[in-house]
Amino acid sequence: MSEAFAMTGSALWREIRAAGMTTLAVLGMTKNTGKTVCLNHLLAQAHVQGVSVGITSIGRDGEDRDQVFMIPKPPVLVWPGSLVATARDTLLRAKVRWKQIGTTGIDSPMGEILIVRALDHGEMEIAGASRSSDQHKVIAILKGCGCALVLLDGALGRSHHASPAIADGVVLATGAAIGGGIPDVIRKTRDRLAILGIPSVDETLATRCRAVFTHGGIGVWNRAGEAVFDASIPTLNAASTLLGLDEPAIATIAVSGAVGRALWHALNTLLARHPGLSVVVADGTKLFIDATDVATFTAKGGCLAAFRGIRIAGITLNPFSPLGGSFDAGDFLDAGRRAFPDHVVADVMREEYTEGVLE
């Protein structure tokens, strides 16, 4: 692809391609924030640009109605040549012709995850693998079949696919469906970005902690850089273990798994005992706390960092809410771009770059 050709397309598409991303997660802040519309935009851009693309999902997507509110939702629209990793049973309802080109050996409640090539432009229901290890396998197969870009669908409660251990970058879909006015949505989106976008560790800490994130569990070091605890224990039960450590000068704690309220409370207690404490988590998807918690921890002198930082490829805005309280699209876009000047912020429904895709 020539450099000039690669730089055509929407601003969001150009950002993704310029960054060299090969696996991209699309994460919805909540239901009806435009995640599927964003996916369709990227699939259309890939088709126009001649980029081979694959798509899969954490769980199920593409059903006719939102399974929470029973509201009609936009379907996933694939293009001729698109590769799709989806459960066998979903193919019975595909509204396009397709050809199976591979298997994965991964079972799901809806049958084995298969690799198919779409032969037409149209609707497909997508239900992919749920476990991270299976997602790695599916992505590798899609890339082995020639996909230059793999798109991963995600949603509320399924953000682990946005981990940099799986995806090169994340597009965050936000919108009026979150509730409140434009300032409320901007604030809630900023809070989510504060969690997802915690900074990466420096190289010294990364080297010290690497083994913990390889074998899993918890690691603790004192101010001299000596390991005082290292065990493959579940983080869910780690709070009491950490609080019981007999070490007068803890400097660093590495936590490979999820950080919930109990563990976070323990880490705050340890910060009070050990000023300047550094906590390293795998990435922002492992934090099940609020942005205010992070801000308070930092204000008290603590350092929170990610072993692998998440790259935000862009933010998409959906001014429409099926539950009422929709926004003026122009006002929402202006507010989003003012609030997040360091990111590509787009309302993909307003993009003009896909003109000519459908003739």
Find out whether [X] and [Y] are in side-chain contact, i.e. whether some heavy atom of one side chain is under 4.5 Å from a heavy atom of the other.
{"X": "I166", "Y": "S132", "answer": "yes"}
{"X": "L149", "Y": "W13", "answer": "yes"}
{"X": "H41", "Y": "V37", "answer": "no"}
{"X": "L304", "Y": "L287", "answer": "yes"}
{"X": "L77", "Y": "E123", "answer": "yes"}
{"X": "Q45", "Y": "V53", "answer": "no"}
{"X": "I195", "Y": "V294", "answer": "yes"}
{"X": "T189", "Y": "I178", "answer": "yes"}

Check your understanding: Of all residues at least two apart in sequence or in a different chain, which pass the side-chain contact (heavy atoms from CB on, under 4.5 Å) check with K143?
Key ->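 side-chain contact (heavy atoms from CB on, under 4.5 Å) list for K143, sorted by chain: T22, T23, I139, V150.
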Euclidean distance, [Y] [atom2] relative to [X] [atom1], rounded to 0.5 Å:
{"X": "I101", "Y": "L83", "atom1": "CD1", "atom2": "CG", "result": "4.5 Å"}
{"X": "T86", "Y": "E125", "atom1": "OG1", "atom2": "CD", "result": "7.0 Å"}
{"X": "F340", "Y": "T174", "atom1": "CZ", "atom2": "OG1", "result": "7.5 Å"}
{"X": "S130", "Y": "I106", "atom1": "OG", "atom2": "CD1", "result": "10.0 Å"}
{"X": "T241", "Y": "I218", "atom1": "OG1", "atom2": "CD1", "result": "8.5 Å"}
{"X": "Q135", "Y": "L152", "atom1": "CD", "atom2": "CG", "result": "5.5 Å"}

Is there a chain of hydrophobic side chains (I, L, V, M, F, W, Y, each step under 4.5 Å between heavy atoms) that links [X] to [Y]?
{"X": "L267", "Y": "V212", "answer": "no"}
{"X": "I253", "Y": "W221", "answer": "no"}
{"X": "V259", "Y": "V279", "answer": "yes"}
{"X": "L196", "Y": "L317", "answer": "yes"}
{"X": "I289", "Y": "L27", "answer": "no"}

Where do [X] and [Y] come nearest, in terms of heavy atoms and distance?
{"X": "N237", "Y": "S240", "value": "O-OG, 3.9 Å"}
{"X": "S52", "Y": "G146", "value": "OG-O, 2.6 Å"}
{"X": "T56", "Y": "G128", "value": "OG1-CA, 3.7 Å"}
{"X": "S200", "Y": "A305", "value": "C-CB, 4.2 Å"}
{"X": "A306", "Y": "V280", "value": "C-CG1, 4.3 Å"}
{"X": "G111", "Y": "D89", "value": "N-OD2, 4.4 Å"}

Review point. Testing I312, D342, V170 for side-chain contact (heavy atoms from CB on, under 4.5 Å) with L193, which one passes?
Key: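 Testing each of I312, D342, V170 against L193, the sole residue satisfying side-chain contact (heavy atoms from CB on, under 4.5 Å) is I312.
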Check your understanding: Under the criterion side-chain contact (heavy atoms from CB on, under 4.5 Å), which of L43, D153, V171 is the partner of C38?
Key ->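 The passing option is V171.
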Side chain [X], main chain [Y], donor-acceptor under 3.5 Å:
{"X": "R273", "Y": "L243", "value": "yes"}
{"X": "N318", "Y": "A173", "value": "no"}
{"X": "S326", "Y": "S321", "value": "yes"}
{"X": "T104", "Y": "I113", "value": "yes"}
{"X": "S256", "Y": "G217", "value": "yes"}
{"X": "H343", "Y": "I315", "value": "no"}
{"X": "S278", "Y": "T252", "value": "no"}

Exercise for review: Using the salt bridge (Lys or Arg N to Asp or Glu O under 4.0 Å) rule, take D283 and R308 through it: C-alpha gap first, then chi angles, then the decisive distance, then the call.
Suggested key: CA-CA 6 Å; D283 58 73; R308 297 184 183 91; over 6 Å; no
Exercise for review: Take L263 and L242, measure what side chain to side chain contact (heavy atoms under 4.5 Å, CB included) needs, and give me the verdict at the end.
Suggested key: CA-CA 9 Å; L263 180 52; L242 288 173; 3.8 Å; yes
Point to revise | M29 vs V185, side chain to side chain contact (heavy atoms under 4.5 Å, CB included): CA-CA, chis, key distance, verdict | key: CA-CA 10 Å; M29 282 274 293; V185 172; over 6 Å; no
Check your understanding: So, are D168 and R311 salt-bridged, with charged N and O less than 4.0 Å apart?
Key ->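 Looking at D168 and R311, the cut-off is not met.
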Exercise for review: Could you tell me whether D184 and R187 make a salt bridge, using a distance below 4.0 angstrom between a side-chain N and a carboxylate O?
Suggested key: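 Yes, this pair counts.
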**Study point:** Intermediate values then yes/no, side chain to side chain contact (heavy atoms under 4.5 Å, CB included), S57 and V76
**Key:** CA-CA 11 Å; S57 170; V76 174; over 6 Å; no
Check your understanding: Using the ring of each side chain (for Trp, its six-membered ring), is F213 parallel, tilted or perpendicular to F307, with breaks at 30° and 60°?
Key ->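 Ring orientation, 0 to 90° scale: parallel.
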Check your understanding: How are the rings of W264 and F297 set relative to one another: parallel (under 30°), tilted (30 to 60°) or perpendicular (over 60°)?
Key ->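 Judged by the thresholds at 30° and 60°, the geometry between W264 and F297 is tilted.
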Review point. Side chains of T292 and D290: donor-acceptor distance under 3.5 Å anywhere?
Key: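 Side-chain D/A pair, T292 to D290: absent.
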Review point. Are more than 12 heavy atoms from other residues, nucleotides or ligands located less than 6.0 Å from atom CG of L236?
Key: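 Not buried by this count: 12 neighbours or fewer within 6.0 Å.
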Review point. Does NE2 in H136 sit with more than 12 non-hydrogen atoms of other residues, nucleotides or ligands closer than 6.0 Å?
Key: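 Yes, the 6.0 Å shell around NE2 holds more than 12 heavy atoms from other groups.
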Practice item. Go through L91 and W98 one step at a time and tell me if the side chain to side chain contact (heavy atoms under 4.5 Å, CB included) criterion holds. Key: CA-CA 8 Å; L91 296 169; W98 52 269; 3.6 Å; yes
